[in-house]
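Naming: A, B, ... by sequence-line order, numbering from 1 per chain. As the structure is a computational prediction, the values presented were derived from the model and not from experiment.
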Number of protein chains: 2
Amino acid sequence: MKVERQHRPGGVPGALPGDRAAAIRVAALRLFATQGYRATTMADIGAAVGIRGPSIYKHVSGKQVLLAEIMLGTMDALIAAHAEATASAVSVGDQLRRAVEAHVRYHARHQLEAFVGNREIASLDQPDRDRVLRRRSTYERGFRKLIERGVSEGAFDVRSARLASYSILDMGMGVANWFHDGGEFSVDQLAYQYGDLALRVVGCQA
Amino acid sequence: MKVERQHRPGGVPGALPGDRAAAIRVAALRLFATQGYRATTMADIGAAVGIRGPSIYKHVSGKQVLLAEIMLGTMDALIAAHAEATASAVSVGDQLRRAVEAHVRYHARHQLEAFVGNREIASLDQPDRDRVLRRRSTYERGFRKLIERGVSEGAFDVRSARLASYSILDMGMGVANWFHDGGEFSVDQLAYQYGDLALRVVGCQA
DNA sequence: TGTTATGGCTAATGACTGTTAGCCGAGGAG
DNA sequence: CTCCTCGGCTAACAGTCATTAGCCATAACA
């Protein structure tokens, strides 16, 4: 998997704007996920896209913003997926199922983002760290309110909505740790089965 | 929370053997958990016990072994707790409940170990990393076999024992991320409730 | 009282790293 | 044909850090 180094010292001005920048973001994501943020050097990221470390600064303003983009983007994507999922169903049971499916789907399809997002919170400087944590709270609250509503409607039966929401979120996040394409389950199968498990957790007779 | 620096340059030979070493291990654990392994310096660890960075080498052979001890010790403790828990019950349902309770108890009582154990796998050099990963597999297999047995005995009802074991383990591990003493639940209450949730996940009518 | 091991300390080593400065070739614009 | 911008490059800067070397005061012990 050797990437061709730019032998021509000059760049290619008009060719594919933002292409390198995107490649850098992808490489950074992969390296942050496999080696960790602090263990990944700018030279590593550069090598992954065929340039030297310092050249990265022609496309991205620094290492820290690469991490911030990943983590903020991940949380925004999750929150958006949750909103879309809950809007597409009427009963609380279906809403929870859809929300869990979206949650699991994201963690299976964007394993690296999820992995980095969960592991590198301490590597993120302020104020971005608090921004990410706030979004995390918002996301969790969405599930908790859903469960509380299900309980008050008599559809769910749990001792603690908070415990249930944590459990459901945590088991879905775990998918990012072991899922790989071509395994026992497809993403869709996985999402459906975790939907089942979540409904069992909240004691929903479906 | 200022720690008194040793003003006397000389040591105290006979006094409390291994005390400093233990304090260093505790401090390292706390710092690894809060800042991450790579972000924690030997000077940080030293400051936490009132000495300078280099003095740590009088008690411990290096930073990497501090991490290895934490991670190997964590997995050994989990495996031992699992063995003890499953030995203390007869029915599969009870065995699973006890195993989950032990799992949750460990993650609530040893949050820092669990946190580091889950986050710093990539920071661990070989061959210790593989050692830890092997122990993790062993631990997961214990839960999976238990669930498979429950299914074959007709006590449990799951589509995939692997999915169920991952789910149950992941939701228990999540406890380490948010639990704190004096919160809504005690460790015992938490363990019991997660036992309930796990039995729901495997469809056990208890 | 003299000796020695312990466990502090400072200084130094050697390596690594994010980022900046400044150079330069190529291709597009005029 | 000339000029300018883009996007490479190398060199340099300004740290940081794990670890080693070597010094020395204390306290236990003979």
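Heavy atoms from other residues, nucleotides or ligands lying under 6.0 Å from CZ of A:Arg159 number 12 at most.
A sub-4.0 Å separation between OP1 or OP2 of C:dG8 and a side-chain N or O of B:His59 is present. Applying the 4.0 Å criterion to OP1 and OP2 of C:dG18, one finds that A:Arg38 has every side-chain N and O outside that range. Within the structure, every side-chain polar atom (N or O) of A:Arg52 is placed at least 4.0 Å from both OP1 and OP2 of D:dG8. The phosphate of D:dG7 has neither OP1 nor OP2 within less than 4.0 Å of any side-chain N or O from A:Ser55.
Taking only side-chain atoms of A:Arg20, from C-beta outward, the nucleotide of D:dG8, D:dA18, C:dG18 with the closest atom is D:dG8. In the set C:dT20, D:dC9, D:dT20, C:dT20 carries the atom at the smallest distance from any side-chain atom of A:Tyr57. Side-chain proximity of A:Met42 to the nucleotides D:dA18, D:dA11, C:dG18 is greatest for C:dG18. Taking every side-chain heavy atom of A:Pro54 into account, C:dT20 is the closest of C:dA11, C:dG8, C:dT20.
Residue-level contact check: B:Gly53 touches neither bases nor backbone, having no heavy atom under 4.0 Å from any strand. Looking at heavy-atom distances under 4.0 Å, A:Ser61 makes no contact with the nucleic acid at all.
The distance from the CZ atom of B:Arg131 to the CD atom of B:Gln126 is 9.5 Å, given to the nearest 0.5 Å.
Defined by atom type and a distance below 3.5 Å, a donor-acceptor pair is present between the side-chain atoms of A:Tyr37 and A:Gln64.
The base of D:dG8 sits with one of its N or O atoms less than 3.5 Å from a complementary donor or acceptor on the side chain of A:Lys58.
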Which side-chain N or O atoms in residues 166-175 of chain B pair as donor and acceptor under 3.5 Å with protein atoms at least two apart or in another chain?
| from | atom 1 | to | atom 2 | distance (Å) |
| --- | --- | --- | --- | --- |
| B:Ser167 | OG | B:Leu163 | O | 2.8 |

